[in-house]
Amino acid sequence: QVQLIESGGGLVQAGGSLRLSCAASGRTSSSYTMGWFRQVPGKEREFVAAISWSGLSTYYADSVKGRFTISRDNAKNTMYLQMNSLKPEDTAVYYCAVKVGSNYYQDYRQYDYWGQGTQVTVSS
């Protein structure tokens with residue numbers, strides 16, 4: 001009962017920045033965790049970052065720590081992923097997702113709702 005729409009993907013040179021947005025609608029809850037995942041063809045979906053509903057807890061994959069920042073604006077029901085110092089290996093389709101509770105936040109199989117994805121391409 002949650003709908004998610006990602007936006008903000010595009011083409012960028014290595015070292016550049018992008019900000020992804022994920023707008024949520026429907027019946028959201030303070031017990032929800034929101035996360036970002038990415039996927040390339042032939043590879044398993046990869047955890048990128050997650051944030052609690054309150055915004056007090058954030059989690060990052062080692063590959064993006066220090067470069068990406070996850071945040072949310074509950075007044076707008078929107079989550080963001082600020083991506084700086086982008087590398088070609090960051091190229092993927094990025095998905096936002098929502099799950100109930102805070103456990104297993106790195107496991108895409110535990111998430112209940114997904115956006116349609118937005119393409120991020122980083123050139124060298």
Side-chain angles (χ1 to χ4, degrees):
Q1 296 183 343
V2 177
Q3 295 79 47
L4 304 172
I5 302 176
E6 303 101 331
S7 61
L11 303 173
V12 65
Q13 283 193 306
S17 298
L18 286 173
R19 187 179 73 164
L20 306 183
S21 299
C22 176
S25 62
R27 299 177 64 181
T28 57
S29 169
S30 60
S31 67
Y32 285 2
T33 297
M34 298 188 70
W36 289 97
F37 292 80
R38 64 189 184 187
Q39 189 168 27
V40 299
K43 301 294 184 180
E44 193 171 30
R45 195 163 298 181
E46 177 188 11
F47 170 76
V48 176
I51 188 168
S52 64
W53 187 255
S54 68
L56 297 177
S57 299
T58 58
Y59 314 91
Y60 296 95
D62 288 342
S63 59
V64 306
K65 195 173 299 182
R67 299 188 297 121
F68 292 9
T69 302
I70 189 171
S71 62
R72 65 190 304 165
D73 184 344
N74 287 351
K76 297 181 178 180
N77 230 5
T78 301
M79 176 179 64
Y80 305 95
L81 185 68
Q82 178 67 46
M83 305 185 295
N84 298 326
S85 301
L86 282 162
K87 305 174 180 179
E89 51 263 45
D90 295 318
T91 296
V93 176
Y94 283 71
Y95 299 90
C96 66
V98 170
K99 70 179 297 295
V100 177
S102 59
N103 59 322
Y104 301 104
Y105 61 87
Q106 297 185 29
D107 186 356
Y108 72 90
R109 296 167 294 185
Q110 299 298 315
Y111 283 73
D112 302 292
Y113 307 101
W114 291 88
Q116 82 286 355
T118 185
Q119 176 71 46
V120 172
T121 302
V122 184
S123 63
S124 179

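From a predicted model like this one, the values you see are computed outputs, not experimental measurements.
No continuous path of hydrophobic side-chain contacts links Leu4 to Tyr80 [ILVMFWY only; heavy atoms under 4.5 Å]. Val93 and Val64 end up in different hydrophobic clusters when Ile, Leu, Val, Met, Phe, Trp and Tyr side chains are linked at under 4.5 Å. Tyr105 and Ile70 are members of different hydrophobic clusters when ILVMFWY side chains are connected at heavy-atom separations under 4.5 Å. Tyr94 is not connected to Tyr108 by any chain of hydrophobic side-chain contacts under 4.5 Å among Ile, Leu, Val, Met, Phe, Trp and Tyr, and they are in different clusters. Note on Tyr95 and Met79: separate hydrophobic clusters, where clusters join Ile, Leu, Val, Met, Phe, Trp and Tyr whose side-chain heavy atoms are under 4.5 Å apart, directly or indirectly.
One N or O on the side chain of Asn77 and one on the backbone of Ala24 form a donor-acceptor pair closer than 3.5 Å. Between the side chain of Thr91 and the main chain of Val122, a donor-acceptor pair closer than 3.5 Å is present. Side-chain atoms of Arg67 come within 3.5 Å of backbone atoms of Ser85 as a donor-acceptor pair (strictly under, hydrogens ignored). One N or O on the side chain of Gln116 and one on the backbone of Glu6 form a donor-acceptor pair closer than 3.5 Å. In this structure a side-chain-to-backbone donor-acceptor pair under 3.5 Å is present from Thr33 to Gly101. In this structure, Ser52 contributes its side chain and Ser57 its backbone to a donor-acceptor pair below 3.5 Å.
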Trp36 and Phe68: CA distance, side-chain angles, deciding distance, side chain to side chain contact (heavy atoms under 4.5 Å, CB included) verdict:
CA-CA 11 Å; Trp36 289 97; Phe68 292 9; over 6 Å; no

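Put simply, the side chain of Ser63 reaches to within 4.5 Å of the side chain of Glu46, judged on heavy atoms. Using a 4.5 Å cut-off on side-chain heavy atoms (C-beta onward), Met83 and Leu20 make contact. The shortest distance between side-chain heavy atoms of Arg109 and Tyr104 does not fall below 4.5 Å. No side-chain heavy atom of Met34 sits less than 4.5 Å from a side-chain heavy atom of Cys96. Residues Tyr60 and Thr69 are in side-chain contact: their nearest non-hydrogen atoms beyond the backbone lie under 4.5 Å apart.
Taking 4.0 Å as the cut-off between side-chain N and carboxylate O, Asp90 and Arg38 count as a salt-bridged pair.
Less than 6.0 angstrom separates the ring centroid of Phe37 from the ring centroid of Tyr111.
Rounded to the nearest 0.5 angstrom, Thr58 OG1 and Lys65 NZ are separated by 9.5 Å. Note that the CZ atom of Arg27 and the CD atom of Gln1 stand 4.5 Å from one another [nearest 0.5 Å]. Here Leu86 contributes atom CG and Ser124 contributes atom OG; the two are 12.5 Å apart, rounded to the nearest 0.5 Å.
Counting all heavy atoms, side chain and backbone alike, Ala92 lies closest to Val40 at CB-CG1, 3.7 Å. Looking at every heavy atom in both residues, Gly9 comes nearest to Val120 through CA-CG2, 4.2 Å.
Ring-plane geometry between Trp53 and Tyr32 is classed as perpendicular, the angle between the planes exceeding 60 degrees on a 0 to 90 degree scale with a lower cut at 30.
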